[in-house]
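Ligands are counted one by one from 1 in listed order, and the atoms in each one are counted from 1 as well.
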Amino acid sequence: MIELHDVSVAVPVWGDGGRQRTKQLLTGVTASLPEQRVAVVGANGSGKSTLLRLLNGLITASAGRVLVDGIDPARDGKGARQRVGFVFTDPLSQLVMSTPADDIELSLRKRIRDRKERAARAQAVLDERGLGDVAHQSIYDLSGGERQLVSLATVLAIEPAIVVADEPTTLLDLRNRMDVCEALLGLPQQLLYATHDLDFAAQADRALVIQEGRLSFDGPAAEAISHYRGLMASGTRASGRGAPGAKAVGGA
Ligand SMILES: Nc1ncnc2c1ncn2[C@@H]1O[C@H](COP(=O)(O)OP(=O)(O)OP(=O)(O)O)[C@@H](O)[C@H]1O
Ligand SMILES: [Mg+2]
């Protein structure tokens, strides 16, 4: 389960003349998320990626507490990364080897010491996701959808308990988007995903709306989306022109 207790993130930024100030990326976010599929929506710059990055210790809370199955990623980053698989928007920022098979083998190197066994497991992982045929193709020659599915396969190879995906379909066309959505939504693991695709968000069991670094709405996906549409229609942006009346609400 993912738990956020009054979590805030503030980072130092430097302005003209080297003057340092503090920028508030998240403020007082509280949510306990046992649901299988949780979406995070919000405008550009509202804090969605920041929220997701807290879960595997890519960024740490400056106040409050984050727990992933009882593990605090700020204290035990390694433990958190073993539990949380992170899928990035651009699979090329994730795939470091030249072919899907090599990439998955790299993920498996600590778990499976024997080379042959590791290669066989990598092939099996790709086969399971319908990617067996492209196992030895250059990752640069894969379609965007194939690349994202390989990226997901790489993450799943370490058998994480939770999958966190940051706009995993943004760079994809409709066909590939549908494939990646289906793959993600069909996972047995808990899935937490940020997206601007409101149809994708609508399929979550629960959705969080982030606005200006605060939890603006937390509840069933359909209600969250209509809350978000309302915010956007009222001209509220991430950058701070205010959202009169928008409040954090209780859990789903
Ligand atoms: N390390 C950092 N240092 C300074 N500012 C940062 C840092 N990381 C994020 N920000 C700022 O925090 C705000 C929230 O960023 P974040 O990436 O979480 O937004 P987002 O909701 O994911 O946006 P998008 O939909 O565009 O991906 C932005 O204004 C961004 O510039
Ligand atoms: Mg983002």
Side-chain angles (χ1 to χ4, degrees), residues 2 4 6-31 33 38-64 66 68 73-74 77 80 84-94 144 148 151-152 155 162-172 177 180-181 184 191-202 204 206-218 221 224-225 227-233 235-243 246 248:
I2 296 167
L4 303 159
D6 203 13
V7 173
S8 296
V9 175
V11 293
V13 289
W14 285 267
D16 276 348
R19 264 193 323 139
Q20 188 184 317
R21 65 184 175 84
T22 300
K23 185 172 177 181
Q24 196 74 23
L25 309 192
L26 284 179
T27 306
V29 175
T30 295
L33 306 169
V38 180
V40 182
V41 297
N44 288 135
S46 55
K48 302 178 300 298
S49 296
T50 304
L51 178 69
L52 266 47
R53 286 183 194 138
L54 285 167
L55 302 175
N56 70 347
L58 283 171
I59 192 167
T60 51
S62 33
V66 177
V68 177
V84 178
F86 203 101
V87 179
F88 292 88
T89 308
D90 182 358
L92 286 181
S93 59
Q94 187 147 359
Q148 191 56 287
S151 183
L152 177 61
V155 166
I162 297 169
V163 174
V164 173
D166 192 0
E167 292 189 44
T169 60
T170 295
L171 303 177
L172 305 179
R177 201 155 75 216
V180 171
C181 285
L184 285 166
L191 172 71
L192 178 74
Y193 60 105
T195 185
H196 291 292
D197 176 348
L198 298 183
D199 292 332
F200 184 24
R206 176 171 172 180
L208 311 179
V209 182
I210 305 295
Q211 203 244 328
E212 296 173 33
R214 292 177 189 272
L215 185 57
S216 175
F217 188 94
D218 174 5
I225 289 165
H227 175 86
Y228 176 48
R229 284 189 196 282
L231 285 178
M232 294 302 102
T236 303
R237 311 279 307 176
S239 53
R241 281 184 284 274

Taking [atom] as the reference point, the nearest protein heavy atom with its distance:
{"atom": "atom 29 (O) of ligand 1", "result": "K23 NZ, 3.3 Å"}
{"atom": "atom 3 (N) of ligand 1", "result": "V11 CG2, 3.5 Å"}
{"atom": "atom 13 (C) of ligand 1", "result": "G45 O, 3.6 Å"}
{"atom": "atom 18 (O) of ligand 1", "result": "T50 OG1, 2.6 Å"}
{"atom": "atom 17 (O) of ligand 1", "result": "S49 CB, 3.6 Å"}
{"atom": "atom 27 (O) of ligand 1", "result": "E167 OE2, 3.2 Å"}
{"atom": "atom 26 (O) of ligand 1", "result": "N44 ND2, 2.9 Å"}

Option with minimal heavy-atom separation from atom 6 (C) of ligand 1, where the choices are V13, D166, V9, L25: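 Comparing heavy atoms across V13, D166, V9, L25, the nearest one to atom 6 (C) of ligand 1 lies in L25.
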
Side-chain ([X]) to main-chain ([Y]) donor-acceptor, under 3.5 angstrom:
{"X": "S8", "Y": "S62", "value": "no"}
{"X": "Q148", "Y": "T89", "value": "yes"}
{"X": "Y193", "Y": "L184", "value": "no"}
{"X": "Q94", "Y": "F88", "value": "yes"}

Which segment of A43 sits under 4.0 Å of ligand 1 when only heavy atoms are counted: backbone

Ligand 1 atoms in contact with H196 (distance to a heavy atom under 4.0 Å):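 Selected atoms, number and element: 25 (O).
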
Could you go through the side-chain hydrogen bond (donor to acceptor under 3.5 Å, both in side chains) check for H196 and T170 one step at a time? CA-CA 8 Å; H196 291 292; T170 295; over 6 Å; no

Does any N/O atom on R53 come nearer than 3.5 Å to any N/O atom on ligand 1?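 Looking only at distances, the answer is no, because the N/O contact criterion of under 3.5 Å is not met.
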
Say whether G42, considering both its backbone and side-chain N or O atoms, lies within less than 3.5 Å of an N or O atom on ligand 1.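 In fact, backbone or side chain, G42 has no N or O that close.
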
Does the protein come close to atom 21 (O) of ligand 1 - that is, does one of its heavy atoms sit below 4.0 Å from that atom? yes

So which atom in L26 and which in G47 form the shortest heavy-atom distance, rounded to 0.1 Å? CD2-O, 3.7 Å

With rounding to the nearest 0.5 Å, note down the distance linking CG in L51 to CG in L192.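 Here the interatomic distance stands at 6.5 Å.
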
Just verifying a value: how many Å separate N56 CG and I162 CD1, rounded to the nearest 0.5 Å? 10.5 Å

Got a sec: is S49 within less than 2.8 Å of the Mg ion (ligand 2) via an N/O/S atom? yes

Side chain to side chain, Y228 and L198, heavy atoms closer than 4.5 Å: yes

Give a yes or no on whether a salt bridge exists between D166 and K48, defined as a side-chain N under 4.0 angstrom from a carboxylate O.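 Judged by the 4.0 Å cut-off on N to carboxylate O distance, D166 and K48 do not form a salt bridge.
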
Give a yes/no verdict on whether any heavy atom in S46 is under 4.0 Å from an atom of ligand 1. yes

